[in-house]
Amino acid sequence: MIVVLKNGVKEEKRAQLIEWLKDQGLGIHISQGEYQTVLGLIGDTTHVDMDLIASLEIVDSVKRVTEPFKCCNRKFHPEDTVVDVGGVKVGGGNFCMIAGPCSVESEEQIVSIARSVKAAGANMLRGGAFKPRTSPYDFQGMQADGIELLKIARQETGLPIVTEIMGVNHLPLFEDVDLIQVGARNMQNFDLLKELGKLHRPILLKRGLANTLKELLMSAEYIMAGGNEQVILCERGIRTFDDYTRNTLDLAAVPMLRELTHLPIIVDPSHATGIARLVPPMALSGTACGADGLIIEVHNDPMHALCDGAQSLRPEEYAALADKVRRIREVIAK
Ligand code: PEP
Ligand code: MN
């Protein structure tokens, strides 16, 4: 249930109403917008007297929220959420360009790629340290050493770092990571999501291989219900019957999620297609349909990459793409 307050309500009256609602065993999510305050009531609201609340002098309107996701629901929070990742804003008109290799392979590799993507206009560096590989015999990532190398690349370039966490036991290693990624395979690792909810740190939540948008939002809800509201969603393609591309990029998810949630939404055309030459057209399409950013794999030597070389752009290809992305952004800006 949401309660929209009238403009200019006195703080004291507002606090009284919140206390009264809390006394009924409800959690209250307060969204203080420029023009209106929205109170989101979390918990079992079946016994709450809607008519009584609507009759209060300070209340403008009361609505039931039928969707199971509350905190991330746009009805709870009409304005776009802006997530701050180490000084880089994402959402609410702020576009992020995350780029870097699938996996961190060496100091030389990550620093060199970080420099070239920064020169091309990227404002965050990605790089997997813990890799969720389908085969246990494939490269599993440099793990803790990989995170240390990402920090060196950050120091060299000033780019905030993005890397994937695979389990709760690794949390201490992620203390100094700017944006913690939850990969597709862990989108419903509920224990992990609950722990991330306690952190108050930016989280990049990728859509699972075969998950609906509602399930993605329910996973975001797990993080937000714990008190961490800094969540960025990522559409990265889903499993369908077609196998020419690695996954099927569901771009309609972007405008659909835009309606449903206030959280920023970014697109990953690399894992969605699995084919480097398809990355630029899908990145441009993702930009055109209103994404708040792109996460793209870039490698200085894709032929010898330890992971996902086939979908990695070379730095010069990324630079050419970044330039076109900026031009699309200018066209769609009103
Ligand atoms: C990744 O970004 O490195 C990755 C493994 O992506 P996903 O979880 O979307 O497959
Ligand atoms: Mn990859």
Side-chain angles (χ1 to χ4, degrees), residues 85 96-105 109-110 113 117 122 124-136 138-143 146-147 149-150 160-167 170 174 177-189 192-193 196 202-211 213 215-216 219-220 231-240 245-251 253-254 265-276 278-279 282-283 286 291 293-314 318:
V85 182
C96 70
M97 294 280 283
I98 308 174
C102 181
S103 313
V104 180
E105 297 171 10
Q109 176 242 22
I110 193 69
I113 297 173
V117 297
M124 276 186 236
L125 174 68
R126 64 150 289 147
F130 291 91
K131 293 305 306 175
R133 304 303 299 277
T134 301
S135 165
D138 285 341
F139 176 57
Q140 301 289 307
M142 291 185 74
Q143 320 233 334
I147 295 185
L149 298 184
L150 282 166
I161 53 176
V162 186
T163 195
E164 176 169 352
I165 188 161
M166 280 173 40
H170 292 146
F174 283 71
V177 167
D178 300 291
L179 178 57
I180 303 176
Q181 175 173 324
V182 176
R185 291 155 193 82
N186 269 308
M187 189 204 87
Q188 289 188 315
N189 180 341
L192 177 61
L193 301 177
L196 296 174
I203 309 296
L204 175 60
L205 179 64
K206 298 186 92 176
R207 182 178 183 181
L209 275 71
N211 285 110
L213 296 183
E215 286 163 345
L216 172 63
S219 289
V231 181
I232 300 171
L233 304 174
C234 179
E235 164 56 39
R236 47 78 72 208
I238 46 172
R239 279 272 164 91
T240 63
T245 51
R246 185 173 178 181
N247 291 287
T248 298
L249 182 55
D250 176 14
L251 280 185
V254 177
I265 307 140
I266 70 168
V267 168
D268 175 348
S270 307
H271 293 90
T273 61
I275 302 169
L278 298 189
V279 170
M282 299 326 290
L294 297 168
I295 178 165
I296 294 179
E297 288 189 344
V298 178
H299 200 286
N300 52 344
D301 183 7
M303 296 294 282
H304 295 100
L306 295 181
C307 183
D308 285 351
Q311 67 193 33
S312 300
L313 296 185
R314 292 188 166 78
Y318 180 71

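Here, residue 1 is the first one in the sequence, and each next residue gets the next number. Every number for a ligand or one of its atoms is a count from 1 in the order of the listing.
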Opening angle at the Mn ion (ligand 2) [NE2, H271; OD2, D308; to 10 degrees]: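 Rounding to the nearest 10 degrees gives 100°.
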I want to know if ligand 1 touches R185 in the polar sense, i.e. an N/O pair below 3.5 angstrom. yes
Using side-chain heavy atoms (C-beta onward) and a distance below 4.5 Å, is [X] in contact with [Y]?
X	Y	result
R236	L209	yes
L278	P269	no
I266	L204	yes
M187	L205	yes

Any atoms of ligand 1 less than 4.0 Å from a non-hydrogen atom of K131? List them with their elements. 3 (O)
Can you name the atoms of ligand 1, numbered from 1 with element, that are less than 4.0 Å from a heavy atom of G183? 8 (O)
Would E297 and R126 pass as an ion pair if we require N to O under 4.0 Å?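 Answer for the salt bridge query: yes.
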Does R207 come within less than 4.0 Å of ligand 1, judged by its heavy atoms?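 R207: no contact with ligand 1 (<4.0 Å).
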Does D268 use its side chain to pair, donor to acceptor, with the backbone of H271 at less than 3.5 Å?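 Side chain of D268 to backbone of H271: a pair is present.
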Do side-chain atoms of S103 reach the backbone of C307 as a donor and acceptor pair under 3.5 angstrom? no
Per residue E297, nearest N, O or S atom to the Mn ion (ligand 2) is named OE2
For [atom], which protein heavy atom lies nearest, and how many Å away is it?
atom	value
atom 4 (C) of ligand 1	H271 NE2, 3.5 Å
atom 8 (O) of ligand 1	A184 N, 2.7 Å
atom 9 (O) of ligand 1	R236 NE, 2.6 Å
atom 6 (O) of ligand 1	K206 NZ, 3.0 Å

Atom CD of E235 and atom NZ of K206: how far apart are they, to the nearest 0.5 Å?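 Interatomic distance, E235 CD to K206 NZ, rounded to 0.5 Å: 10.0 Å.
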Using heavy-atom distances only, which candidate in R133, R126, M187, E164 approaches atom 3 (O) of ligand 1 most closely? R126
